[in-house]
Enquirer: 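First the structure, which I've put down as structure tokens, then a few questions once you've had a look.
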Amino acid sequence: MSIRTRVAPSPTGDPHVGTAYMALFNWAFAKSQGGEFVLRIEDTDQARSSEASETRILAALNWLDIRWDEGPDIGGPHGPYRQSERTDIYRRHAQQLIDQGHAFHCFCTAERLAAMRVEQRAAGATAGYDGRCLNLSAAEVSARRTAGEPAVIRMRVPASGECRFHDELRGDIAIPCSQIDMQVLLKADGFPTYHLAVVVDDHLMGITHILRGEEWINSTPKHKLLFDYFGWPMPALAHMPLLRNPDQSKLSKRRNPTSIDYFRDVGYLPEALTNYLALMGFSMPDEREIFPKAEFLQAFSLDRVSLGGPIFDFEKLNWLNGQHIRGLDADAFMDRLEEWAINRQRLAPLTPLIQTRTERFADIAPQVDYLLGDRRPLSEEDFTHKKLSRDQVVEALFRTARACDAVAEWRRDELRTLCKANAERMGLSLGDFLAPVFIAISGRAVALPLFDSMAFLGADITRVRLREALDALGVSNKQRKRLEKLTG
RNA sequence: GUCCCCUUCGUCUAGAGGCCUAGGACUCCAGGUUUUCAUCCUGGCAACAGGGGUUCGACUCCCCUAGGGGACGCCA
């Protein structure tokens with residue numbers, strides 16, 4: 001039987017470098033053995049999923065030249081590949097579990113469940129559904145449902161014993177059933193949760209091997225149970241290590257740039273990024289570190305995967321990127337530079353901003369230096385302001401950073417709205433509030449319009465620059481905590 | 001708090017019981033090439049978390065401890 005793997009991103013934000021990481025390894029594993037690699041979109045979260053995000057994820061993976069054999073854009077024999085288009089399938093399967101006594105309807109409200117969790121947490125136990133609706137009579141269930149009471153479907157879980165499964169990388173893992181929650185499978189809105197959808201789809205799409213992040217180990221028992229309930233064979237599992245921040249926590253946008261678009265925008269080569277990602281937890285048999293994707297594929301093997309969570313190291317990535325850039329011949333170098341920024345698509349959003357400020361083309365480069373390149377390094381003195389105190393400067397920067405995390409869609413007007421609200425909360429005019437932000441983003445007091453600049457730079461670069469500004473000011477932990485409290 | 005995973009230089013890693021005086025790479029330092037800078041070359045600093053076993057022999061196998069991480073949502 002042919003090997004089939006998949007990557008299954010959720011289109012709920014920027015294309016994450018962790019998605020690229022898992023895609024790369026799944027791709028390499030399948031392709032190294034003549035198998036197929038599938039892209040599936042897990043858009044079952046109605047509130048957070050967006051088409052725009054899906055488009056960007058596909059574009060980002062294409063940019064990295066990680067190609068799939070089946071997916072929402074190109075179809076395939078096991079489609080549709082977008083979970084929002086498969087809801088009938090999940091509903092049928094959830095019903096099947098009900099019919100077979102492996103699942104039950106639950107009418108508990110979100111409020112009750114939240115209160116229950118608080119209580120359980122306080123008592124020091126593993127939080128989990130307490131089973132109130134576990135044994136409702138069929139008559140009661142149907143009466144309440146016909147009365148229009150919202151209900152979810154939960155899976156049943158053995159009360160005792162343990163769940164065992166095999167991990168290709170870690171050996172056998174056993175987790176006590178007491179740790180397995182009676183997971184919601186079908187939400188009140190009729191959409192499946194991840195756990196139902198992933199099991200049903202992996203089976204229906206013929207996935208033979210699941211390479212996924214370590215964060216999923218603890219939910220594997222749920223999946224195993226579901227596979228058993230359905231009478232399906234469980235795919236082979238390999239839980240990869242998680243990419244980490246320098247403080248060893250799971251890589252997060254709060255602390256590091258994580259968007260694939262960030263890496264593109266600041267001028268990393270896609271082949272350098274995939275090369276670097278391949279080095280995270282994998283090593284070549286001959287310990288070579290600079291290699292193209294094709295050779296990674298050829299050499300790939302699960303027993304060359306290491307399990308310690310690798311810290312994402314920009315310095316090494318920079319070195320590697322330099323190696324790839326210097327390896328280009330002059331023509332390729334110019335092509336790649338052109339592809340990066342000196343083209344209409346990239347310059348288009350800048351044009352309305354710079355044209356009115358230009359008398360000679362020579363005026364342009366100095367105006368856009370901080371947009372196409374790094375802005376200059378900052379020091380504390382850069383932030384002295386005639387009206388704002390140091391604390392106010394810090395607070396304004398901090399609030400802006402927080403706003404960046406909160407922004408739903410990274411657009412100029414949305415950013416302005418958020419900043420305006422924060423300025424008001426501080427009792428400052430928008431101009432005064434923005435002064436330090438201007439410096440943080442552009443490194444200058446006079447620059448192109450701020451929100452256009454932020455929009456152009458993107459969330460990650462903006463966040464990085466705000467963080468650097470806060471660092472330059474030497475914000476103490478105490479002050480940071482106070483601000484975190486202040487801004488919720 | 002409960003459960004699960006992990007643990008070699010600051011970082012990424014090699015290492016499948018003797019090849020280990022623990023190797024490579026990034027960073028850093030020193031020197032060389034370069035009119036400068038960068039590249040490039042040469043050299044250097046730097047690690048098996050701790051404690052018990054098993055074994056003739058443990059970085060490698062087992063146990064305990066410690067440390068780190070993750071999960072505990074009608075998010076994925």
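Below, chain A is the first sequence line, B the second, and so on; all start at residue 1.
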Enquirer: Using a 4.0 Å heavy-atom cut-off, does A/R117 contact any base of the nucleic acid, only the sugar-phosphate backbone, or nothing at all?
Expert: sugar-phosphate
Enquirer: Counting only Watson-Crick pairs (N1-N3 plus N6-O4 or O6-N4) and G-U wobbles (N1-O2, O6-N3), all under 3.5 Å, who is the partner of B/A66?
Expert: B/U7
Enquirer: For A/S249 and A/D189, find the nucleotide of RNA chain B closest to each by heavy atoms; which residue's nucleotide sits nearer the 5' end?
Expert: A/S249
Enquirer: Under the 6.0 Å and 45° cation-pi test, does A/K222 pair with A/W216?
Expert: no
Enquirer: Provide the distance between the two P atoms, one in B/G23 and one in B/C59, to the nearest whole Å.
Expert: 14 Å
Enquirer: Assign A/R48 to base, sugar-phosphate, or nothing according to its heavy-atom contacts below 4.0 angstrom with the strands shown.
Expert: base
Enquirer: When you match A/V184 and A/Q323 each to their closest nucleotide on RNA chain B, which lands nearer the 5' end?
Expert: A/Q323
Enquirer: Taking the same atom, C1', in B/A16 and in B/G52, what whole-Å distance lies between them?
Expert: 23 Å
Enquirer: Kindly state whether the ring of A/F29 and the ring of A/H209 have centres lying under 6.0 angstrom apart.
Expert: yes
Enquirer: Does CZ in A/R132 sit with more than 12 non-hydrogen atoms of other residues, nucleotides or ligands closer than 6.0 Å?
Expert: no
Enquirer: Does A/S219 reach a base, just sugar-phosphate, or nothing at all? Heavy atoms under 4.0 Å.
Expert: nothing
Enquirer: Using a 4.0 Å heavy-atom cut-off, does A/S178 contact any base of the nucleic acid, only the sugar-phosphate backbone, or nothing at all?
Expert: nothing
Enquirer: At 4.0 Å (heavy atoms only), tell me whether A/A174 reaches a base, stays on the sugar-phosphate, or touches nothing.
Expert: sugar-phosphate
Enquirer: Please list, in 5' to 3' order, the outermost nucleotides of RNA chain B lying under 4.0 Å from any heavy atom of chain A.
Expert: B/G1 to B/A76
Enquirer: Which whole number of Å gives the distance between the C1' atom of B/G15 and that of B/G31?
Expert: 32 Å
Enquirer: Under a 3.5 Å cut-off for both distances, is B/G73 Watson-Crick or wobble paired, and to whom?
Expert: none
Enquirer: Which one is paired to B/U34, where only Watson-Crick or G-U wobble pairs with both distances under 3.5 angstrom count?
Expert: none
Enquirer: What nucleic acid atoms does A/E42 come within less than 4.0 Å of, heavy atoms only: base, sugar-phosphate, or nothing?
Expert: sugar-phosphate
Enquirer: Using the benzene-type ring in the case of Trp, are the ring centres of A/F312 and A/F314 under 6.0 Å apart?
Expert: yes
Enquirer: Please tell me whether A/F282 and A/F296 form a close aromatic pair, meaning their ring centres lie under 6.0 Å apart.
Expert: yes
Enquirer: If you look at every strand shown and take non-hydrogen atoms under 4.0 Å, does A/G128 touch a base, only sugar-phosphate, or nothing?
Expert: nothing
Enquirer: A/L186 near the nucleic acid: base, sugar-phosphate alone, or nothing, with a heavy-atom cut-off under 4.0 Å?
Expert: nothing
Enquirer: For A/R304, answer base if it contacts any base atom (sugar-phosphate contacts may also be present), sugar-phosphate if it contacts only those atoms, and nothing otherwise; contact means non-hydrogen atoms under 4.0 Å.
Expert: sugar-phosphate
Enquirer: Counting the benzene-type ring for Trp, do A/H223 and A/Y194 have ring centres under 6.0 Å apart?
Expert: yes
Enquirer: According to the Watson-Crick and G-U wobble definitions, with both distances under 3.5 Å, which nucleotide is paired to B/G17?
Expert: none
Enquirer: How about A/F300 and A/F25: are their ring centroids closer than 6.0 Å?
Expert: yes
Enquirer: Indicate, with a heavy-atom threshold strictly under 4.0 Å, whether A/E215 touches base, sugar-phosphate, or nothing.
Expert: sugar-phosphate
Enquirer: If we take the P atom in both B/A14 and B/C9, what is their distance in whole Å?
Expert: 12 Å
Enquirer: Give a yes or no on whether a salt bridge exists between A/E42 and A/R40, defined as a side-chain N under 4.0 angstrom from a carboxylate O.
Expert: yes
Enquirer: Categorize A/C177 for me: base, sugar-phosphate, or nothing, with a 4.0 angstrom heavy-atom threshold over every strand shown.
Expert: nothing
Enquirer: Between B/U36 and B/G43, how far apart are the C1' atoms? Round to whole Å, please.
Expert: 24 Å
Enquirer: What interatomic distance, in whole Å, is found between C1' of B/C37 and the corresponding atom of B/A22?
Expert: 38 Å
Enquirer: Would you sort out whether A/R375 and A/E468 count as a salt bridge (Lys or Arg N to Asp or Glu O under 4.0 Å), showing the intermediate values?
Expert: CA-CA 11 Å; A/R375 66 120 169 68; A/E468 285 170 353; 3.1 Å; yes
Enquirer: If we take the P atom in both B/U27 and B/A66, what is their distance in whole Å?
Expert: 38 Å
Enquirer: Please state the P separation for the pair B/G17 and B/G24 - nearest whole angstrom.
Expert: 23 Å
